[in-house]
Amino acid sequence: MSQAAEQVVAPWWRGAVVYQIYPRSFADSDGNGIGDLAGIRQRLDHIQRLGVDAIWLSPAYRSPMVDAGYDVSDHCDIDPLFGTLADMDRLIAETHARGMRILLDYVPNHTSDQHPWFIESRSSRDNPKRDWYIWRDRPNNWVAAFGAGSAWTLDERTGQYYLHLFLPEQPDLNWRHPEVIGAMYGVLNFWLDRGVDGFRIDAVHCIGKDPTFNDDPHCAVGQPLMLHNDQPYSHEVCRGLRKFADAHPSHCVLVGEIFVRSTEAVLRYYGEQDGLHMAFNFSHLDTPWDEVDARDRIREVEGLLGPKGAWPTWVLSNHDFPRHRTSFGGSMRRARAAAVMLLTLRGTIFLYQGEELGLEDAQVGPDEQVDPGGRDGPRAPIPWESIPPHGWSGEKPWLPFPPHPSTHAAETQWQDEHSILHLYRRLLAARKASTALRYGDWEELSSPLEVLAYRRRCGEDERVVCVNFSGRPQQFPLAGRWLIEVVSEGEGEGASYDGNLDAEQALVLKRAGRESGAESRG
Ligand code: GLC
C-alpha cells in the first residue's frame, strides 16, 4: 500500500501529538494548592488552542500519594484531592467534544499497600489473595527504586517478605495469577466503558519477574532492578493486553513505559505487530544538546523499529525527568530548536505539560521536597496568569513555581506571537496540515556535522527539517526553491530559504510551487 493510501486508514494515534497532564500541577479549581480534574477542564481551551490530538493524564485514582498517585489504592475511583468520578466523566466528555482523545495512566505492576487486595493478601498466609502478590521466605539481592534499599520487605505478622520494585508502599502484583489478570482487565473495562481512548501503561517491563528469583548482577552493584528487568513474561502479558485491546469495540491504544535504556529491548514490547501499539524509548532521554547524540538516537530508532513496522514514540521530558530547557543548560534557543525537531520526527510525540511555555525545572529547597525519588523540579505548578498567584488563588501550591513564572505564564505568552508557545502552536498546525510530517518517511540528508537535516515525505507532500546544533551560523544549501514554513527563532516564516541557518536555529522547509526532483546537496 502506498504511504498516501496507508495514512487514510491509519489509526488516530499514528503521528499524533499527545500532551501529558500531571494533574497535581496543572490547574487548581478549589484553591487547596493542588491541581484537580475540574481545573484541567477549565484549562482545556489552552490545550485545544495549542492543537494537540490527545491528552494523557497521570494517575488521579484513589491513593495515599506516597508516590504521587502511582501507588493506587482503588483503580476505579478518583482521589478526593482531584475530584470525583463525575468530574472524570465530564472531563472525558469535554475532551471529546473538543475533538481530542484522552488516555489514562494504567498502573499494573504494583498497587498501594493500602489497596484492599494487599490488605487481604498480607492478612494471613492462607488468605485467598495471598498469591495476588509475591511472597518469599527469604529475600534475594534485588534492589528497589528511589534508593529504597532491598526490594523485599518483611511482613512481621506472617513472617514472609513481599516484593516491591519501587517503594515498600508499592507491593508488586503477581501477574502469573489468573485472578490478578482478570481483575486488572476489569480495570481496563471499567475505564473503556466510561469512554477513554487508551492507556499509558506504567512500568510494564517490570511485570514479568525472573521465575528462578536468582540474584541479579546489576543489583549486586546497587542498581535498582527496574532499570534492567526485561523478562519474556512481560512480553507475554503485553500480547495478552493487545489481544484484549483489539477485541474491544473501542480499539483503544496501548503505549507502554519501558525504563530499560535500550532500543532493542524497547522493540521487543511491540512483539511481531502483536504486542503494544507503542512503547516509550528513554534510551537517550536525559542527554545534553548534541548533534552526534541526536543523530545516533534517530538513526537507531529508524534503523531498528522501521524495518519491523514498529511505530516510534518520541519523548524529551516527563514528570520523572528534567525539562527540555533544564537538560539543555537553560537555553531557550535550544528549547525552541528542540521543539522543531521533536514535532517533525516520524512517530507519535509525547509532550509534557509546560514544555510549550519553555519552563525550566523549579528550584525546590530541602524543606519543600515532596518526592522520595527527587523528581520535584519538573512537577512544579503551571503558571497560567501573568500576575501572582498565576491562576493558583487560595493556598500556596504544593511546589514552588518554575523560574520567572510571570514571563512564562500562559497568559503572557498567548499575547506575544513571538513566544515559544506560539512556536509550538505553529509547529502543531504545520504537523496537522502535512501528511509528510504526520505519516511520511524519514530520510537523513547529507549535511555539515553540526546540522541535522532530514526529509519527511508522503506521496507528493514533502518537508525538509534542518537543525543547527552549533553556536554559530551554518550553511546548508538545498537544490530547488524552498520556503521557510516554521522558524524556531527569528524572522523569516513564509520567505524563501537561502541556505543559511543562524546559531542554534531550526527550520521546517516546504517546496515553493510544485517543482519536483530537486535533491539536497551532498
Ligand atoms: C513510572 C512513573 C513514576 C513512578 C513509577 C512507579 O516510572 O512514571 O512516576 O514513580 O512508575 O509507579
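For the numbers below, each heavy atom of this structure counts, side chains included, while hydrogens, waters and symmetry mates do not. Counting convention: from 1, in listed order, for ligands and their atoms alike. Note that the structure is a prediction, hence the values are computed from the model and not measured.
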Looking only at non-hydrogen atoms, find the nearest pair between Asp105 and Pro59 and report the distance.
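That would be OD2-CD, 3.5 Å.
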Report yes or no: do Gln231 and His205 form a side-chain donor-acceptor pair below 3.5 Å?
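No, His205 and Gln231 have no side-chain donor paired with an acceptor closer than 3.5 Å.
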[atom]: nearest protein contact (heavy atom, Å):
atom: atom 4 (C) of ligand 1; result: Asp67 OD2, 3.3 Å
atom: atom 9 (O) of ligand 1; result: Asp320 OD1, 2.8 Å
atom: atom 1 (C) of ligand 1; result: Asp202 OD1, 2.7 Å
atom: atom 7 (O) of ligand 1; result: Glu257 OE2, 2.9 Å

Between Tyr233 and His235, does the ring centroid distance fall short of 6.0 Å?
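Aromatic pair excluded; centres sit 6.0 Å or further apart.
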Do we get Arg136 above Phe213's six-membered ring, with its NZ or CZ under 6.0 Å from the centre and within 45° of the axis?
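Geometry flag: set, cation within 6.0 Å and 45°.
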Is the cationic atom of Arg125 (NZ for Lys, CZ for Arg) positioned less than 6.0 Å from the six-membered ring centroid of Trp135 and within 45 degrees of its normal?
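Not satisfied by the 6.0 Å and 45° rule.
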Which is it for Arg379 and ligand 1 at heavy atoms under 4.0 Å: side chain, backbone, both or neither?
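Contact part for Arg379 vs ligand 1: side chain (C-beta onward).
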Is it the side chain (CB and beyond), the backbone, both or neither of Met226 that lies under 4.0 Å from ligand 1, heavy atoms counted?
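For Met226, no heavy atom sits under 4.0 Å from ligand 1.
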Report yes or no: does a heavy atom of Arg200 sit under 4.0 Å from some atom of ligand 1?
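Arg200 counts as a contact of ligand 1 under the 4.0 Å cut-off.
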Mark up the atoms of ligand 1 that fall under 4.0 Å of a heavy atom belonging to [X], in ascending order.
X: Arg375; answer: 3 (C), 4 (C), 9 (O), 10 (O)
X: Phe166; answer: 5 (C), 6 (C)
X: His319; answer: 2 (C), 3 (C), 8 (O), 9 (O)
X: His110; answer: 6 (C), 12 (O)

Does the pair Asp274 and Lys243 meet the rule for a salt bridge (charged side-chain N to carboxylate O under 4.0 Å, His left out), with working shown?
CA-CA 8 Å; Asp274 59 352; Lys243 251 194 207 136; over 6 Å; no
As an exercise, state the distance from CE of Met88 to CG of Leu37, rounded to the nearest 0.5 Å.
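CG of Leu37 is found 5.0 Å from CE of Met88.
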To the nearest 0.5 angstrom, please state how far the CD atom of Gln353 sits from the OG atom of Ser58.
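Rounded to the nearest 0.5 Å, the CD-OG separation comes out at 8.0 Å.
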